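All values below come from the heavy atoms of this structure, side chains included, with hydrogens, waters and symmetry mates left out. From a predicted model like this one, the values you see are computed outputs, not experimental measurements. The chains referred to below are lettered A, B, ... by the order of the sequence lines, with proteins before strands, and numbering in each begins at 1.
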Amino acid sequence: MTQHAVFSSGANVWRSFCCPRSELWLDLTLGCGQTFRWRETADGHWTGVMGGRVWTLMQTEDRLWYHTYGSQVSTARQAGRKWPGEGERLETVKKLKTEAAAVKEEPEGGTLELGEVTSQWDGGEEETLRDYFQLKVPLGDLYKEWASVDHHFKDIANIFTGVRMLRQDPTECLFSFICTSNNHISRIEGMIERLCAKLGAPLCRLDGTPYHDFPTVHALADGSVEASLRDLGFGYRARFLQQSARQILDQHGADWLGGLRSVPYEEARSALRTLPGVGFKVADCVCLMSLDKSCALPVDTHMWQIAQRDYRCTMATGRKTLTDKVYQEIGDFFRKLWGPYAGWAHSVLFCADLKKFQKLKEPPIKMEGEGDEKESIGKMKAEKKHGKARAKVCKT
DNA sequence: TCACAACCTTG
DNA sequence: AAGGTTGTG
């Protein structure tokens, strides 16, 4: 049976490229609720479906490592495409061992075996990842700019580093976020998993777990979908999904969503809002996370509270419900404060507000024999093991 | 433009 | 209640 790839096992092919932690922190970026399809299948190893195939990712101090499954898929994908030269991508096994040993703290030393490293062209995988993580956007520089204009941001910026917007598939993003209304992240993840298992193309099976692609708009538009999804626990959202898919095909065509990438923000948002189950909040999520609208800023109940509590945002206070007008004003307030990448800054604050990451705000715990450069990671692992969960730290 | 209820489940 | 949307007054 095929198993999930593990970096230290020596049984898998891993490739990597330079990507410092200040630019990307996988645990936060994949776990902050912008995507619902990645799971931590081993310590620091994230497995999920992206671009029609299954990946496992992990990172060391300054590199991002990746493994993909079922390489036969890549043959079709490569056809007719020209990829940039591979240049300095290849590393020697010796260098890998040195680096991995340094980072992974193998006490035995020398027992660590790494997977095969081939010199063949990687089939565009590195480029796919660079696009998915939008690595051309200089996150470290943006953090400095946001911190210079906003001391609340500055307070958390040193802890919650590398929180990056993904460039997700628009179809997956739209239909996933229609599921988020009145819902928790943990439950959403289960729903999306069942949605893909029911309507998505099967890709492979790892350790007995089947992986599926996200369903196509066509699959979601079928008349039987609402009943199926209600059976899977989608509640009233089942109809929204089927109707939105139907409306896209009937009124625009399957390529319409992707085409919104080249349309101005407000226009794209208005277009999305014509779909059932899509209000301002969901539309902004889709704009920000899949349509290249970096200024789109989803205002949920969290951001509403943050705006009042931390920013004394006057338009946010004194109302019982988040009206369309206030929604707009809060977004404009943060866009003025943070600039054209306001949506990215928002996700850092959102991430820092999540219950599951509150432990990162605690003072570091010194572990015996632990170097300080791996402090934050060591701290997280240590506290995961000890199950520490202290009260949320709020700054006022 | 604002407020409120209803909507499906479950952690 | 939970990262909302829709319909009604």
Applying side chain to side chain donor-acceptor pair (under 3.5 Å) to A:R319 and not counting sequence neighbours gives none
For DNA chain B, consecutive-pair runs of 3 or more (Watson-Crick or G-U wobble, both H-bond-type distances under 3.5 Å) give B:2-7 with C:4-9
Could you tell me how far apart A:E226 (CD) and B:dC7 (C1') are, to the nearest whole angstrom? 12 Å
For DNA chain C, determine which residues of residues 285-293 of chain A have any heavy atom closer than 4.0 angstrom to one of its atoms, and list them numerically. A:C285
Quick one: side chain to side chain donor-acceptor pair (under 3.5 Å) partners of A:W338, sequence neighbours excluded? A:D150
Of residues 316-331 of chain A, the positions that come close to DNA chain C - non-hydrogen atoms, cut-off under 4.0 Å: none
Does the pair A:D222 and A:S224 meet the rule for a side chain to side chain donor-acceptor pair (under 3.5 Å), with working shown? CA-CA 5 Å; A:D222 191 89; A:S224 63; 2.6 Å; yes
Among all residues two or more places apart in sequence or in another chain, which pass the ring-ring contact (aromatic ring centres under 6.0 Å, His included) test with A:Y143? A:W146, A:F153
So A:L291 and A:L272, side chain to side chain contact (heavy atoms under 4.5 Å, CB included) or not? Walk me through it. CA-CA 11 Å; A:L291 297 180; A:L272 290 171; 3.9 Å; yes
Taking only residues two or more places apart in sequence, or in another chain, which ones meet A:D231 in a side chain to side chain donor-acceptor pair (under 3.5 Å)? none
Every protein N/O lying under 3.5 Å from an N/O of nucleotides 9-11 of chain B:
residue, atom, partner, partner atom, Å
B:dT9, O4', A:R187, NH2, 3.3
B:dT9, O2, A:R187, NH1, 3.1

Measuring from A:M289:CE to A:F177:CZ, what's the distance to the nearest 0.5 Å? 4.0 Å
Expressed in whole Å, how much space separates the P atoms belonging to B:dA5 and C:dA1? 14 Å
At under 4.0 Å between heavy atoms, what does A:I178 touch on the DNA or RNA strands: base, sugar-phosphate, or nothing? nothing
Counting any heavy atom closer than 4.0 Å, what does A:C351 reach on the DNA or RNA strands: base, sugar-phosphate only, or nothing? nothing
Reading DNA chain C 5' to 3', which nucleotide is the first, and which the last, to come under 4.0 Å of any heavy atom in chain A? C:dA2 to C:dT6
Is it true that the side chains of A:H302 and A:D353 contain a donor and an acceptor less than 3.5 Å apart? yes
Name the residue from A:W55, A:F7, A:W14 that meets the ring-ring contact (aromatic ring centres under 6.0 Å, His included) definition with A:W65. A:F7
Sugar-phosphate only, base, or nothing, as touched by A:P298 at under 4.0 Å among non-hydrogen atoms: nothing
What nucleic acid atoms does A:L232 come within less than 4.0 Å of, heavy atoms only: base, sugar-phosphate, or nothing? nothing
Can you name the residues that form a ring-ring contact (aromatic ring centres under 6.0 Å, His included) with A:F133, not counting sequence neighbours? none
Counterpart residues, ring-ring contact (aromatic ring centres under 6.0 Å, His included), relative to A:H252 (two or more places apart): A:W256
Parallel, tilted or perpendicular: rings of A:Y132 and A:W38 (30°, 60°): tilted
In whole Å, measure the gap between the P atoms of C:dG7 and B:dC8 for me. 13 Å
Show your reasoning for whether side chain to side chain contact (heavy atoms under 4.5 Å, CB included) applies to A:L297 and A:R335. CA-CA 8 Å; A:L297 200 149; A:R335 274 184 282 274; 3.9 Å; yes
Restricting to side chain to side chain donor-acceptor pair (under 3.5 Å), what partner residues turn up for A:E193, sequence neighbours left out? A:R39
Judged by modelled atom types alone, do A:K355 and A:Q358 share a side-chain donor-acceptor pair under 3.5 Å? no
Give A:G33 one of three labels, base, sugar-phosphate or nothing, depending on what nucleic acid heavy atoms sit under 4.0 Å from its own. base
Taking the six-membered ring for Trp, are the ring centroids of A:F240 and A:F234 within less than 6.0 Å of each other? no
Would you mind classifying the nucleic acid contact of A:F280 as base, sugar-phosphate or nothing, using non-hydrogen atoms under 4.0 angstrom? sugar-phosphate
